[in-house]
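The structure appears below as C-alpha coordinates.
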There are 2 protein chains.
Amino acid sequence: MTHKSNPSEIKTYLKTISIFKDCSDSFLAKISANAQCQIHKKGKILFVHDDTIERFYIIKSGWVKLFRETLDGAQAVVDILDNHHVLGEIAIFENNIVPYSAEVVSNAEIISLPLANLKKEIKNDNQLALNMLKSMAHDRRRKDKEIEHRTIQNAPQRIGCFLLRLIDQNQKGPVTIHLPYDKTLVAARLGMQPETFSRALSKLRDETGIRINGATIEMESLDQIVRYSCAACSSNFPCQDLKTTS
Amino acid sequence: MTHKSNPSEIKTYLKTISIFKDCSDSFLAKISANAQCQIHKKGKILFVHDDTIERFYIIKSGWVKLFRETLDGAQAVVDILDNHHVLGEIAIFENNIVPYSAEVVSNAEIISLPLANLKKEIKNDNQLALNMLKSMAHDRRRKDKEIEHRTIQNAPQRIGCFLLRLIDQNQKGPVTIHLPYDKTLVAARLGMQPETFSRALSKLRDETGIRINGATIEMESLDQIVRYSCAACSSNFPCQDLKTTS
DNA sequence: CGAGGGTTTGAAGTGCATCAAATAGTGTGG
DNA sequence: CCACACTATTTGATGCACTTCAAACCCTCG
(Lines give C-alpha, C1' and ligand atoms only; values in the text may rest on other atoms or scores of the structure.)
Protein backbone atom coordinates (compact mmCIF):
# COMPACT_ATOMS: atom_id res chain seq x y z
CA MET A 1 0.00 0.00 0.00
CA THR A 2 2.17 2.81 -1.24
CA HIS A 3 1.43 6.23 0.00
CA LYS A 4 2.30 9.56 -1.53
CA SER A 5 6.07 9.71 -1.40
CA ASN A 6 6.91 13.31 -1.88
CA PRO A 7 10.72 13.49 -1.74
CA SER A 8 10.91 16.99 -0.35
CA GLU A 9 8.36 16.19 2.31
CA ILE A 10 10.32 13.09 3.24
CA LYS A 11 13.54 15.05 3.29
CA THR A 12 12.01 17.41 5.80
CA TYR A 13 11.07 14.49 8.00
CA LEU A 14 14.49 12.87 7.70
CA LYS A 15 16.05 16.02 9.07
CA THR A 16 14.26 15.37 12.34
CA ILE A 17 15.92 11.95 12.71
CA SER A 18 18.91 11.97 15.02
CA ILE A 19 21.26 10.04 12.77
CA PHE A 20 20.69 12.51 9.93
CA LYS A 21 21.24 15.62 12.00
CA ASP A 22 23.53 18.05 10.19
CA CYS A 23 24.12 15.65 7.34
CA SER A 24 25.08 16.90 3.91
CA ASP A 25 22.16 18.23 1.95
CA SER A 26 23.14 16.37 -1.18
CA PHE A 27 23.01 13.07 0.68
CA LEU A 28 19.63 13.84 2.17
CA ALA A 29 18.33 14.83 -1.24
CA LYS A 30 19.63 11.63 -2.77
CA ILE A 31 18.32 9.30 -0.15
CA SER A 32 14.96 11.06 -0.11
CA ALA A 33 14.66 10.58 -3.85
CA ASN A 34 15.02 6.84 -3.28
CA ALA A 35 12.64 6.80 -0.35
CA GLN A 36 9.25 5.14 -0.20
CA CYS A 37 6.58 5.83 2.32
CA GLN A 38 4.04 3.12 2.99
CA ILE A 39 1.15 2.57 5.30
CA HIS A 40 1.21 -0.86 6.88
CA LYS A 41 -1.48 -2.66 8.81
CA LYS A 42 -1.07 -4.29 12.17
CA GLY A 43 0.53 -7.68 11.75
CA LYS A 44 2.64 -6.80 8.71
CA ILE A 45 6.08 -8.38 8.85
CA LEU A 46 8.71 -6.03 7.47
CA PHE A 47 11.48 -8.63 7.53
CA VAL A 48 12.54 -11.78 9.34
CA HIS A 49 15.82 -12.29 11.16
CA ASP A 50 18.61 -13.57 8.95
CA ASP A 51 16.91 -12.15 5.87
CA THR A 52 19.05 -10.20 3.46
CA ILE A 53 17.50 -6.79 3.07
CA GLU A 54 18.11 -3.94 0.68
CA ARG A 55 16.31 -1.21 2.56
CA PHE A 56 16.16 0.05 6.09
CA TYR A 57 13.20 1.72 7.73
CA ILE A 58 12.17 4.79 9.62
CA ILE A 59 8.93 4.92 11.53
CA LYS A 60 6.79 7.95 10.87
CA SER A 61 3.87 6.82 12.99
CA GLY A 62 2.74 3.66 14.76
CA TRP A 63 4.69 0.96 16.54
CA VAL A 64 7.02 -1.77 15.38
CA LYS A 65 8.12 -4.80 17.36
CA LEU A 66 11.63 -6.20 16.92
CA PHE A 67 12.00 -9.83 17.96
CA ARG A 68 13.60 -13.19 17.37
CA GLU A 69 12.08 -16.59 17.70
CA THR A 70 13.19 -20.18 17.98
CA LEU A 71 12.05 -23.10 15.86
CA ASP A 72 9.51 -24.14 18.45
CA GLY A 73 7.97 -20.70 18.59
CA ALA A 74 9.46 -19.18 21.73
CA GLN A 75 9.82 -15.48 21.13
CA ALA A 76 12.05 -12.81 22.61
CA VAL A 77 11.13 -9.19 22.08
CA VAL A 78 14.26 -7.21 21.36
CA ASP A 79 12.63 -3.79 21.28
CA ILE A 80 9.45 -1.92 20.46
CA LEU A 81 9.90 1.28 18.52
CA ASP A 82 7.76 4.27 17.60
CA ASN A 83 8.12 7.30 15.39
CA HIS A 84 11.54 8.78 14.69
CA HIS A 85 13.16 5.40 15.28
CA VAL A 86 15.30 3.67 12.69
CA LEU A 87 15.39 -0.06 12.14
CA GLY A 88 17.34 -2.46 9.98
CA GLU A 89 20.19 0.01 9.50
CA ILE A 90 22.39 -2.32 11.53
CA ALA A 91 22.45 -4.65 8.52
CA ILE A 92 25.05 -2.50 6.81
CA PHE A 93 27.62 -4.09 9.13
CA GLU A 94 26.47 -7.64 8.51
CA ASN A 95 26.36 -8.02 4.75
CA ASN A 96 22.82 -6.69 4.69
CA ILE A 97 21.58 -9.44 6.98
CA VAL A 98 19.19 -8.31 9.70
CA PRO A 99 19.64 -9.78 13.17
CA TYR A 100 16.00 -9.46 14.21
CA SER A 101 12.50 -9.70 12.78
CA ALA A 102 10.26 -6.65 12.56
CA GLU A 103 6.49 -6.66 12.84
CA VAL A 104 4.12 -3.72 12.71
CA VAL A 105 2.00 -3.90 15.87
CA SER A 106 -0.33 -0.98 15.21
CA ASN A 107 -1.18 0.56 11.88
CA ALA A 108 1.93 2.47 10.92
CA GLU A 109 3.40 4.82 8.39
CA ILE A 110 6.88 3.74 7.51
CA ILE A 111 9.56 5.17 5.27
CA SER A 112 12.01 2.82 3.64
CA LEU A 113 15.38 3.85 2.27
CA PRO A 114 18.11 1.97 0.41
CA LEU A 115 20.76 0.49 2.67
CA ALA A 116 23.32 0.99 -0.08
CA ASN A 117 23.04 4.77 0.14
CA LEU A 118 23.65 4.69 3.86
CA LYS A 119 26.43 2.17 3.65
CA LYS A 120 28.29 4.26 1.16
CA GLU A 121 27.70 7.59 2.83
CA ILE A 122 29.03 6.76 6.29
CA LYS A 123 32.43 6.43 4.69
CA ASN A 124 32.25 9.93 3.27
CA ASP A 125 30.28 11.81 5.83
CA ASN A 126 31.94 11.83 9.21
CA GLN A 127 28.99 13.62 10.73
CA LEU A 128 26.71 10.78 9.74
CA ALA A 129 29.12 8.22 11.18
CA LEU A 130 29.31 10.16 14.42
CA ASN A 131 25.55 10.46 14.66
CA MET A 132 25.15 6.76 14.17
CA LEU A 133 27.92 6.08 16.64
CA LYS A 134 26.26 8.21 19.25
CA SER A 135 22.90 6.62 18.65
CA MET A 136 24.43 3.16 18.80
CA ALA A 137 26.22 3.95 22.04
CA HIS A 138 22.99 5.20 23.51
CA ASP A 139 21.25 2.09 22.42
CA ARG A 140 23.87 -0.20 23.85
CA ARG A 141 23.43 1.57 27.13
CA ARG A 142 19.71 0.95 26.98
CA LYS A 143 20.33 -2.74 26.51
CA ASP A 144 22.59 -2.79 29.56
CA LYS A 145 19.80 -1.22 31.54
CA GLU A 146 17.38 -3.75 30.22
CA ILE A 147 19.60 -6.60 31.33
CA GLU A 148 20.00 -5.00 34.72
CA HIS A 149 16.27 -4.58 35.14
CA ARG A 150 15.58 -8.16 34.25
CA THR A 151 18.23 -9.28 36.70
CA ILE A 152 17.30 -7.16 39.68
CA GLN A 153 13.69 -6.13 39.40
CA ASN A 154 10.72 -8.44 39.89
CA ALA A 155 7.65 -8.33 37.69
CA PRO A 156 5.64 -5.61 39.49
CA GLN A 157 8.75 -3.44 39.83
CA ARG A 158 9.54 -3.79 36.14
CA ILE A 159 6.04 -2.62 35.30
CA GLY A 160 6.37 0.37 37.61
CA CYS A 161 9.68 1.24 36.04
CA PHE A 162 8.18 0.90 32.58
CA LEU A 163 5.33 3.24 33.50
CA LEU A 164 7.71 5.84 34.88
CA ARG A 165 9.69 5.81 31.68
CA LEU A 166 6.57 6.57 29.68
CA ILE A 167 6.20 10.00 31.20
CA ASP A 168 7.95 13.21 32.00
CA GLN A 169 9.45 12.35 35.33
CA ASN A 170 9.83 15.89 36.50
CA GLN A 171 6.15 16.66 36.75
CA LYS A 172 4.58 16.85 40.17
CA GLY A 173 1.13 15.87 41.20
CA PRO A 174 -1.40 13.55 39.53
CA VAL A 175 -0.50 11.83 36.30
CA THR A 176 -2.52 9.82 33.81
CA ILE A 177 -0.85 7.25 31.63
CA HIS A 178 -2.11 5.43 28.56
CA LEU A 179 -0.38 2.18 27.77
CA PRO A 180 1.13 2.66 24.31
CA TYR A 181 0.18 -0.82 23.08
CA ASP A 182 -1.52 -4.06 24.09
CA LYS A 183 -0.94 -5.38 27.57
CA THR A 184 0.15 -8.67 26.03
CA LEU A 185 2.83 -6.79 24.15
CA VAL A 186 3.92 -4.80 27.17
CA ALA A 187 4.27 -8.12 28.95
CA ALA A 188 6.46 -9.52 26.19
CA ARG A 189 8.47 -6.31 26.12
CA LEU A 190 9.14 -6.76 29.82
CA GLY A 191 9.94 -10.43 29.48
CA MET A 192 6.94 -11.90 31.25
CA GLN A 193 3.77 -13.80 30.43
CA PRO A 194 0.45 -11.96 29.92
CA GLU A 195 -1.02 -13.69 33.00
CA THR A 196 1.94 -12.62 35.06
CA PHE A 197 1.60 -9.09 33.75
CA SER A 198 -2.03 -8.94 34.76
CA ARG A 199 -1.33 -10.19 38.27
CA ALA A 200 1.80 -8.10 38.67
CA LEU A 201 -0.06 -4.96 37.66
CA SER A 202 -2.67 -5.70 40.32
CA LYS A 203 0.08 -6.15 42.84
CA LEU A 204 1.62 -2.84 41.80
CA ARG A 205 -1.77 -1.23 42.29
CA ASP A 206 -2.10 -2.69 45.79
CA GLU A 207 1.40 -1.60 46.71
CA THR A 208 1.31 1.92 45.33
CA GLY A 209 -2.33 2.98 45.24
CA ILE A 210 -2.48 3.68 41.50
CA ARG A 211 -5.84 3.37 39.75
CA ILE A 212 -6.21 1.12 36.74
CA ASN A 213 -8.93 1.34 34.15
CA GLY A 214 -8.22 -0.75 31.11
CA ALA A 215 -5.20 0.76 29.43
CA THR A 216 -5.46 3.93 31.47
CA ILE A 217 -3.55 4.33 34.68
CA GLU A 218 -3.88 7.20 37.09
CA MET A 219 -1.62 8.06 39.97
CA GLU A 220 -1.79 10.76 42.61
CA SER A 221 1.95 11.28 42.45
CA LEU A 222 4.99 9.43 41.26
CA ASP A 223 6.47 9.02 44.74
CA GLN A 224 4.85 5.72 45.54
CA ILE A 225 5.94 4.05 42.33
CA VAL A 226 9.42 5.51 42.57
CA ARG A 227 9.82 4.16 46.07
CA TYR A 228 8.53 0.79 45.01
CA SER A 229 10.33 0.31 41.68
CA CYS A 230 13.44 2.44 41.75
CA ALA A 231 14.66 0.76 44.92
CA ALA A 232 15.59 -2.19 42.73
CA CYS A 233 17.58 -0.17 40.21
CA SER A 234 21.08 1.22 40.18
CA SER A 235 20.02 4.51 38.60
CA ASN A 236 18.69 7.47 40.49
CA PHE A 237 15.28 8.91 39.85
CA PRO A 238 14.58 10.76 37.63
CA CYS A 239 16.37 8.38 35.33
CA GLN A 240 14.93 9.34 31.92
CA ASP A 241 14.34 6.67 29.42
CA LEU A 242 17.28 6.34 27.12
CA LYS A 243 15.69 6.63 23.72
CA THR A 244 17.27 5.71 20.43
CA THR A 245 16.06 9.06 19.22
CA SER A 246 16.91 12.41 20.81
CA MET B 1 51.71 -0.10 40.39
CA THR B 2 53.04 1.40 37.19
CA HIS B 3 54.72 -0.91 34.80
CA LYS B 4 57.19 -0.11 32.06
CA SER B 5 55.23 1.99 29.62
CA ASN B 6 57.22 1.90 26.45
CA PRO B 7 55.25 4.03 23.97
CA SER B 8 56.39 2.19 20.89
CA GLU B 9 55.60 -1.16 22.45
CA ILE B 10 52.18 0.10 23.42
CA LYS B 11 51.63 1.47 19.96
CA THR B 12 52.29 -1.96 18.54
CA TYR B 13 49.71 -3.42 20.86
CA LEU B 14 47.14 -0.75 20.07
CA LYS B 15 47.36 -1.66 16.41
CA THR B 16 45.92 -5.05 17.30
CA ILE B 17 42.79 -3.46 18.80
CA SER B 18 39.84 -3.43 16.44
CA ILE B 19 38.82 0.17 16.97
CA PHE B 20 42.34 1.35 16.06
CA LYS B 21 42.64 -0.70 12.89
CA ASP B 22 44.01 1.43 10.03
CA CYS B 23 43.99 4.56 12.15
CA SER B 24 46.34 7.39 11.36
CA ASP B 25 49.85 6.79 12.55
CA SER B 26 50.15 10.23 14.04
CA PHE B 27 47.12 9.61 16.23
CA LEU B 28 48.42 6.26 17.40
CA ALA B 29 51.77 7.83 18.20
CA LYS B 30 50.13 10.60 20.13
CA ILE B 31 47.82 8.45 22.14
CA SER B 32 50.60 5.96 22.87
CA ALA B 33 52.74 8.72 24.23
CA ASN B 34 50.00 9.50 26.74
CA ALA B 35 49.42 5.86 27.60
CA GLN B 36 50.09 4.16 30.87
CA CYS B 37 50.37 0.47 31.42
CA GLN B 38 49.64 -0.83 34.90
CA ILE B 39 49.41 -4.19 36.57
CA HIS B 40 46.37 -4.46 38.80
CA LYS B 41 45.54 -7.06 41.37
CA LYS B 42 42.29 -8.94 41.63
CA GLY B 43 39.70 -6.78 43.35
CA LYS B 44 40.97 -3.45 42.04
CA ILE B 45 38.17 -1.08 41.13
CA LEU B 46 39.03 0.92 38.03
CA PHE B 47 36.02 3.18 38.31
CA VAL B 48 32.48 3.26 39.65
CA HIS B 49 29.37 3.97 37.64
CA ASP B 50 28.48 7.65 37.37
CA ASP B 51 32.11 8.60 38.03
CA THR B 52 33.62 11.19 35.77
CA ILE B 53 36.70 9.69 34.20
CA GLU B 54 39.55 11.14 32.17
CA ARG B 55 40.95 7.92 30.78
CA PHE B 56 39.62 4.82 29.14
CA TYR B 57 41.17 1.38 29.33
CA ILE B 58 42.37 -1.47 27.20
CA ILE B 59 42.95 -4.90 28.68
CA LYS B 60 46.28 -6.46 27.81
CA SER B 61 45.83 -9.51 30.02
CA GLY B 62 43.46 -10.70 32.72
CA TRP B 63 39.76 -10.20 33.17
CA VAL B 64 37.61 -7.21 34.08
CA LYS B 65 34.03 -7.28 35.26
CA LEU B 66 31.63 -4.49 34.29
CA PHE B 67 28.66 -4.10 36.59
CA ARG B 68 26.18 -1.84 38.30
CA GLU B 69 24.74 -2.10 41.75
CA THR B 70 21.84 -0.75 43.74
CA LEU B 71 22.00 0.93 47.13
CA ASP B 72 21.12 -2.28 48.90
CA GLY B 73 23.89 -4.19 47.20
CA ALA B 74 22.11 -6.07 44.44
CA GLN B 75 24.48 -6.35 41.55
CA ALA B 76 24.01 -6.84 37.81
CA VAL B 77 26.96 -7.93 35.73
CA VAL B 78 26.95 -6.02 32.48
CA ASP B 79 29.89 -7.82 30.90
CA ILE B 80 33.16 -9.59 31.60
CA LEU B 81 36.03 -8.68 29.31
CA ASP B 82 39.47 -10.04 28.56
CA ASN B 83 42.43 -8.92 26.51
CA HIS B 84 41.97 -6.73 23.44
CA HIS B 85 38.77 -5.35 24.89
CA VAL B 86 38.20 -1.65 25.47
CA LEU B 87 36.26 -0.20 28.38
CA GLY B 88 35.15 3.23 29.48
CA GLU B 89 35.43 4.64 25.96
CA ILE B 90 31.66 5.02 25.94
CA ALA B 91 32.08 7.94 28.35
CA ILE B 92 33.04 10.24 25.48
CA PHE B 93 29.34 10.42 24.61
CA GLU B 94 28.21 11.13 28.15
CA ASN B 95 30.31 14.02 29.33
CA ASN B 96 33.00 11.61 30.52
CA ILE B 97 30.61 9.85 32.86
CA VAL B 98 30.85 6.06 32.86
CA PRO B 99 27.64 4.07 32.93
CA TYR B 100 29.08 1.03 34.71
CA SER B 101 31.63 0.09 37.35
CA ALA B 102 34.74 -1.88 36.43
CA GLU B 103 36.53 -4.32 38.68
CA VAL B 104 39.60 -6.41 37.93
CA VAL B 105 38.66 -10.02 38.66
CA SER B 106 42.01 -11.66 38.00
CA ASN B 107 45.41 -10.05 38.08
CA ALA B 108 45.51 -7.97 34.96
CA GLU B 109 47.69 -5.78 32.82
CA ILE B 110 45.79 -2.74 31.70
CA ILE B 111 46.61 0.18 29.47
CA SER B 112 44.95 3.48 30.12
CA LEU B 113 44.62 6.26 27.58
CA PRO B 114 43.22 9.80 27.74
CA LEU B 115 39.58 10.05 26.74
CA ALA B 116 40.23 13.54 25.40
CA ASN B 117 42.48 12.21 22.65
CA LEU B 118 39.86 9.78 21.51
CA LYS B 119 37.03 12.25 21.78
CA LYS B 120 38.83 14.72 19.59
CA GLU B 121 40.09 12.22 17.06
CA ILE B 122 36.79 10.59 16.13
CA LYS B 123 35.81 13.93 14.65
CA ASN B 124 38.87 13.99 12.41
CA ASP B 125 39.44 10.37 11.62
CA ASN B 126 36.52 8.79 9.85
CA GLN B 127 38.19 5.40 9.96
CA LEU B 128 38.29 5.54 13.75
CA ALA B 129 34.64 6.56 13.90
CA LEU B 130 33.70 3.70 11.59
CA ASN B 131 35.69 1.19 13.61
CA MET B 132 34.00 2.31 16.78
CA LEU B 133 30.64 2.26 15.06
CA LYS B 134 31.18 -1.28 13.88
CA SER B 135 32.36 -2.42 17.27
CA MET B 136 29.43 -0.72 18.95
CA ALA B 137 26.98 -2.31 16.54
CA HIS B 138 28.50 -5.68 17.23
CA ASP B 139 28.23 -5.09 20.90
CA ARG B 140 24.64 -4.01 20.75
CA ARG B 141 23.89 -7.22 18.93
CA ARG B 142 25.56 -9.18 21.71
CA LYS B 143 23.33 -7.50 24.24
CA ASP B 144 20.27 -8.43 22.24
CA LYS B 145 21.43 -12.01 22.30
CA GLU B 146 22.01 -11.81 26.00
CA ILE B 147 18.47 -10.59 26.58
CA GLU B 148 17.14 -13.33 24.35
CA HIS B 149 19.07 -16.00 26.22
CA ARG B 150 17.84 -14.81 29.56
CA THR B 151 14.29 -14.79 28.25
CA ILE B 152 14.22 -18.15 26.53
CA GLN B 153 16.91 -20.38 28.02
CA ASN B 154 16.76 -21.93 31.47
CA ALA B 155 19.78 -22.11 33.75
CA PRO B 156 21.34 -25.38 32.50
CA GLN B 157 20.81 -24.34 28.89
CA ARG B 158 22.44 -20.97 29.49
CA ILE B 159 25.48 -22.72 30.92
CA GLY B 160 25.69 -25.06 27.95
CA CYS B 161 25.43 -22.10 25.60
CA PHE B 162 28.13 -20.28 27.56
CA LEU B 163 30.45 -23.28 27.30
CA LEU B 164 29.93 -23.57 23.56
CA ARG B 165 30.82 -19.95 23.09
CA LEU B 166 34.12 -20.48 24.86
CA ILE B 167 35.43 -22.73 22.14
CA ASP B 168 35.95 -23.12 18.44
CA GLN B 169 32.60 -24.54 17.44
CA ASN B 170 33.81 -26.12 14.26
CA GLN B 171 36.03 -28.71 15.86
CA LYS B 172 34.85 -32.28 15.92
CA GLY B 173 35.45 -34.90 18.56
CA PRO B 174 36.42 -34.54 22.24
CA VAL B 175 36.89 -31.09 23.70
CA THR B 176 38.27 -29.88 27.02
CA ILE B 177 37.20 -26.56 28.44
CA HIS B 178 38.62 -24.53 31.29
CA LEU B 179 36.28 -22.06 32.86
CA PRO B 180 37.89 -18.67 32.36
CA TYR B 181 37.07 -17.38 35.85
CA ASP B 182 35.42 -18.34 39.14
CA LYS B 183 32.19 -20.27 39.02
CA THR B 184 30.60 -17.61 41.19
CA LEU B 185 31.47 -15.07 38.54
CA VAL B 186 30.25 -17.23 35.68
CA ALA B 187 27.00 -17.53 37.60
CA ALA B 188 26.72 -13.75 37.92
CA ARG B 189 27.61 -13.34 34.27
CA LEU B 190 24.73 -15.64 33.39
CA GLY B 191 22.35 -13.95 35.78
CA MET B 192 21.94 -16.71 38.34
CA GLN B 193 22.95 -17.50 41.92
CA PRO B 194 26.10 -19.55 42.64
CA GLU B 195 23.99 -22.32 44.13
CA THR B 196 21.80 -22.39 41.08
CA PHE B 197 24.88 -22.51 38.88
CA SER B 198 26.25 -25.48 40.77
CA ARG B 199 23.01 -27.41 40.52
CA ALA B 200 22.37 -26.40 36.93
CA LEU B 201 25.83 -27.55 35.90
CA SER B 202 25.13 -30.94 37.46
CA LYS B 203 21.90 -31.11 35.56
CA LEU B 204 23.68 -30.23 32.34
CA ARG B 205 26.12 -33.07 33.08
CA ASP B 206 23.30 -35.54 33.61
CA GLU B 207 21.56 -34.42 30.45
CA THR B 208 24.56 -34.33 28.13
CA GLY B 209 27.13 -36.72 29.55
CA ILE B 210 29.88 -34.13 29.95
CA ARG B 211 32.53 -34.73 32.63
CA ILE B 212 33.21 -32.09 35.24
CA ASN B 213 36.34 -31.80 37.29
CA GLY B 214 36.58 -28.53 39.17
CA ALA B 215 36.94 -25.84 36.53
CA THR B 216 37.72 -28.36 33.82
CA ILE B 217 34.97 -29.75 31.63
CA GLU B 218 35.40 -32.53 29.10
CA MET B 219 32.98 -33.57 26.44
CA GLU B 220 33.07 -36.37 23.90
CA SER B 221 31.54 -34.16 21.27
CA LEU B 222 29.57 -30.95 21.05
CA ASP B 223 26.45 -32.61 19.69
CA GLN B 224 24.84 -33.35 23.02
CA ILE B 225 25.23 -29.84 24.34
CA VAL B 226 24.13 -28.31 21.06
CA ARG B 227 20.99 -30.40 21.05
CA TYR B 228 20.31 -29.49 24.66
CA SER B 229 21.11 -25.77 24.66
CA CYS B 230 20.71 -24.49 21.13
CA ALA B 231 17.12 -25.75 20.95
CA ALA B 232 16.24 -22.78 23.14
CA CYS B 233 17.93 -20.19 20.94
CA SER B 234 16.95 -18.43 17.75
CA SER B 235 20.44 -18.72 16.24
CA ASN B 236 21.74 -21.70 14.36
CA PHE B 237 24.77 -23.60 15.50
CA PRO B 238 27.59 -22.81 15.02
CA CYS B 239 26.62 -19.39 16.26
CA GLN B 240 30.01 -17.89 17.17
CA ASP B 241 30.25 -15.65 20.12
CA LEU B 242 29.92 -12.08 19.10
CA LYS B 243 33.00 -10.51 20.58
CA THR B 244 33.66 -6.83 21.03
CA THR B 245 37.01 -7.53 19.48
CA SER B 246 37.57 -9.06 16.04
C1' DC C 1 48.47 -26.45 59.67
C1' DG C 2 44.98 -23.16 59.81
C1' DA C 3 42.18 -19.34 57.79
C1' DG C 4 39.28 -17.91 54.35
C1' DG C 5 37.11 -17.93 50.11
C1' DG C 6 35.02 -20.70 46.68
C1' DT C 7 31.84 -24.54 45.93
C1' DT C 8 28.50 -27.92 46.94
C1' DT C 9 24.48 -29.81 49.22
C1' DG C 10 20.18 -29.73 51.80
C1' DA C 11 15.69 -27.89 53.08
C1' DA C 12 12.22 -24.70 52.49
C1' DG C 13 10.03 -20.72 50.34
C1' DT C 14 8.70 -17.63 46.45
C1' DG C 15 7.82 -15.98 42.03
C1' DC C 16 6.70 -16.87 37.75
C1' DA C 17 4.97 -20.14 34.20
C1' DT C 18 1.53 -23.11 32.64
C1' DC C 19 -2.93 -24.92 31.74
C1' DA C 20 -7.67 -24.09 31.86
C1' DA C 21 -11.62 -21.43 31.80
C1' DA C 22 -14.37 -17.33 32.53
C1' DT C 23 -14.99 -12.50 31.28
C1' DA C 24 -14.46 -8.20 28.88
C1' DG C 25 -13.70 -5.81 24.78
C1' DT C 26 -13.51 -5.00 19.75
C1' DG C 27 -14.59 -5.19 15.07
C1' DT C 28 -17.58 -7.24 11.48
C1' DG C 29 -21.41 -8.32 8.67
C1' DG C 30 -26.19 -8.51 8.62
C1' DC D 1 -27.62 -0.87 15.71
C1' DC D 2 -27.30 -5.59 17.21
C1' DA D 3 -25.45 -10.33 17.35
C1' DC D 4 -21.61 -13.01 16.54
C1' DA D 5 -16.79 -14.14 16.26
C1' DC D 6 -12.56 -13.36 17.75
C1' DT D 7 -9.08 -11.48 20.59
C1' DA D 8 -7.40 -9.48 24.80
C1' DT D 9 -7.49 -9.77 29.60
C1' DT D 10 -8.39 -11.67 33.97
C1' DT D 11 -8.80 -15.30 37.36
C1' DG D 12 -8.04 -19.82 39.41
C1' DA D 13 -5.36 -23.92 40.37
C1' DT D 14 -1.15 -26.16 40.17
C1' DG D 15 3.74 -27.11 39.13
C1' DC D 16 8.43 -26.03 38.50
C1' DA D 17 12.64 -23.20 38.50
C1' DC D 18 15.16 -20.52 40.87
C1' DT D 19 16.26 -18.22 45.26
C1' DT D 20 17.28 -18.07 50.00
C1' DC D 21 19.23 -19.51 54.22
C1' DA D 22 22.15 -22.69 56.44
C1' DA D 23 25.81 -25.73 56.86
C1' DA D 24 29.33 -28.75 55.23
C1' DC D 25 33.11 -29.41 52.28
C1' DC D 26 37.13 -28.44 49.68
C1' DC D 27 40.94 -26.10 47.97
C1' DT D 28 44.54 -22.90 48.11
C1' DC D 29 47.78 -20.12 50.01
C1' DG D 30 50.16 -17.86 53.71
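So that the names make sense, note that chain A is the first sequence line, chain B the second, and so on, each numbered from 1. All values below come from the heavy atoms of this structure, side chains included, with hydrogens, waters and symmetry mates left out.
Atom C1' of nucleotide D/dC18 and atom CG of B/Leu190 are separated by 14 Å, given to the nearest angstrom. Atom CD1 in B/Ile152 sits roughly 14 Å away from atom P in D/dC18 (whole-Å rounding). Between A/Tyr181 atom OH and C/dG25 atom C1' there is a gap of 21 Å when expressed in whole angstrom units. Whole-Å rounding puts the A/Asp182 CG to C/dG25 P distance at 14 Å. Rounded to a whole Å, the CD atom of B/Gln157 is 12 Å from the C1' atom of D/dA17. In this structure, B/Lys183 atom NZ and D/dC27 atom P are separated by 11 Å, rounded to whole Å. The nearest whole Å value for the distance from the CG atom in B/Asn154 to the C1' atom in C/dT18 is 15 Å. Atom CD of B/Gln193 and atom P of D/dC21 are 10 Å apart (whole Å).
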| task | Would you check, one step at a time, whether the test salt bridge (Lys or Arg N to Asp or Glu O under 4.0 Å) holds for B/Arg142 with B/Asp79? | result | CA-CA 10 Å; B/Arg142 272 176 73 227; B/Asp79 217 335; 3.0 Å; yes
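Less than 6.0 angstrom separates the ring centroid of A/His84 from the ring centroid of A/Tyr13.
Within residues 194-216 of chain B, the residues that place at least one heavy atom under 4.0 Å from DNA chain D are, in residue-number order, B/Glu195, B/Thr196, B/Arg199.
Enclosure of atom CG in A/Leu71 is not indicated, since only 12 or fewer non-hydrogen atoms of other residues, nucleotides or ligands lie within 6.0 angstrom.
For the pair A/Glu146 and A/Arg189, the minimum side-chain heavy-atom distance is below 4.5 Å. Side-chain contact between A/Gln153 and A/Cys161 is present, with heavy atoms from C-beta onward closer than 4.5 Å. With contacts defined as side-chain heavy-atom distances shorter than 4.5 Å, the pair B/Val77/B/Leu190 does not qualify.
A close approach under 4.0 Å does occur between a side-chain nitrogen or oxygen of A/Thr184 and OP1 or OP2 of D/dT9.
Taking the six-membered ring where the residue is Trp, B/Tyr100 and B/Phe47 present tilted rings, their angle falling between 30° and 60°.
Comment: A/Asp182 does not engage A/Lys65 in a salt bridge, judged by the lack of any side-chain N to carboxylate O separation of less than 4.0 angstrom. Using a 4.0 Å cut-off between a side-chain N of Lys or Arg and a carboxylate O of Asp or Glu, A/Arg227 and A/Glu207 do not qualify as a salt bridge.
If one axis is set at each end of the helix from C/dC1-D/dG30 to C/dG30-D/dC1 from five pairs, those axes are 40° apart, to 10°.
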